[in-house]
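Each remark here refers to the structure printed beneath this line.
Note that ligands are numbered from 1 as they come in the structure, with each ligand's atoms numbered from 1 the same way. Remember, it's a predicted structure, so these values are computed and weren't measured experimentally. The first residue of the sequence shown is numbered 1, and numbering continues consecutively from there.
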Amino acid sequence: MPAVYDLANRGLLPPGFGLVGFARRDWADQDFAKVVHDAVKENARTRFREEVWEQLLEGIRFVPGTFDSDEAFQRLRTTLEELDQARGTSGNHAFYLSIPPSYFEQVISQLKRNAITGDGENTWNRVVIEKPFGHDLRSARELNNVVSQLFSPPEVFRIDHYLGKETVQNMLAMRFANELFEPFWNRNYVSHVEITMAEDIGIGGRAGYYDGIGAARDVIQNHLLQLLALVAMEEPTSFEASQLRTEKTKVLAAARVPSDYAAHTARGQYATGWQGGQLVRGYLEEDGVSPDSRTETYAAIRVDVDNRRWAGVPFYLRTAKRMPRRVTEVALVLKQAPHLPFPATETAALGQNALVMRVQPDEGVTLRFGAKVPGTQMEIRDVSMDFVYGGSFTETSPEAYERLILDVLLGDPPLFPQHEEVELGWKILDPVLEYWDSLPTQPDPYAAGTWGPASAAEMLARDGNTWRRP
Ligand code: BG6
């Protein structure tokens, strides 16, 4: 809702835009409008302006009903027809299914049965689906079969909101608009790649969704594998959706977790601990979590990409709740210089060179390298060269959902993963999930507010590497 308002505020929505809610609650239009209003006031990125809100408000409707009610879907149809007439929306509709995947089939067949999507000849109909896209390869395929009963592939927009983030798109700019980075972007210079998405929050009120799903399904299968694809893919011939997807698909098809899963994966579950000066509950004590739950809140995997550019370079992906801080970053860690013509004592504080793309917060890019410490010795220590968005640009970045919702309305697909990418994500992850399921033990505990279980550090130590402390 805030993203829709921000788009309106930036003048990017047509004046006739309408927003129709459909849910079980017995609400009138104005009840729904109030919820939207409050969400917008509290969370919109741009300033609240009464005149923009008034215009949006004119197009807000609400249809109460359950998914099994034909009568409710008929009312939805009438409401859409009235809006089309009154506001000149010409029958163009985007259906945003913010519902559990188990209801997809029912809702899609209702849309179909009640002819809500129209003939599609002079109008467009699109469907927006939020992750999770299934919980394994088989269920993802089933989901896709259901969706494709009514919508053709170009009409389906799968939201992976990481692709809508400015900093994620900037990874493409960095790689393909510059000559500087390409020479070392390969196995000759890169030792390993770390992709981290750490959150300081716990699961909040989301136990119903999260318990049984876990960190790997929630985040690695989609956001982190998409980041991997963008870092590792070859240059697309253009930024047209099909070209971009072709390159992402090729790299995901070459990616796999090495089959010794005990050595190359780690999972954990947060226990009670201190965070931000407060003692917080462990995962098993969270409301709605089953007391013997084996759901992981920390997941780390090693992914190898079997192609000429990346053979032998491990990509380490990790995500977790209740880390010391919120940070998402992609770091290319380079090999050591082949020879150091300095006494070892003078290079003791020299680490590995690294290029770090900070997705959030403190959006920007850092290059780390060794420099001489001023003085009479040849002492060398790591320093950073920083690009910070705020230092170079005056515009603030739009929220991911602004960009993605606008792209749905424009029918612009490059930032939306296609089904094949979703399938490949599950093909990479399914064997790991099956392995974890087969273990008789709980995930390794880690205290809330720490960087995860010892097993995650050991996983990298086996390769002679260590996790960065972002
Ligand atoms: C969602 C996950 O996709 O991303 C959540 O389901 C997670 O568990 C969220 O908290 C994080 O998004 P962001 O944009 O705050 O990094």
Is a side-chain donor-acceptor pair under 3.5 Å present for Q418 with R158?
no
Contact set, ligand 1, heavy-atom distance under 4.0 Å, ordered by chain/number, equals K131, H161, Y162, K165, M197, E199, R206, D218, H223, K321, R326, Q360
With D211, which residues qualify under side chain to side chain contact (heavy atoms under 4.5 Å, CB included), at least two apart?
Y283, V289, S290, S293, T295
So, for F48 and H37, is the gap between ring centers shorter than 6.0 Å?
yes
Which residues share a side chain to side chain donor-acceptor pair (under 3.5 Å) with D218, sequence neighbours left out:
K131, Y209
For residues 428-443, which residue pairs qualify under salt bridge (charged side-chain N to carboxylate O under 4.0 Å, His left out), counting only residues two or more places apart or in two chains?
none
So that I can tick it off, tell me whether E235 and R175 are bridged by a salt bridge, with the cut-off set at under 4.0 angstrom between side-chain N and carboxylate O.
no
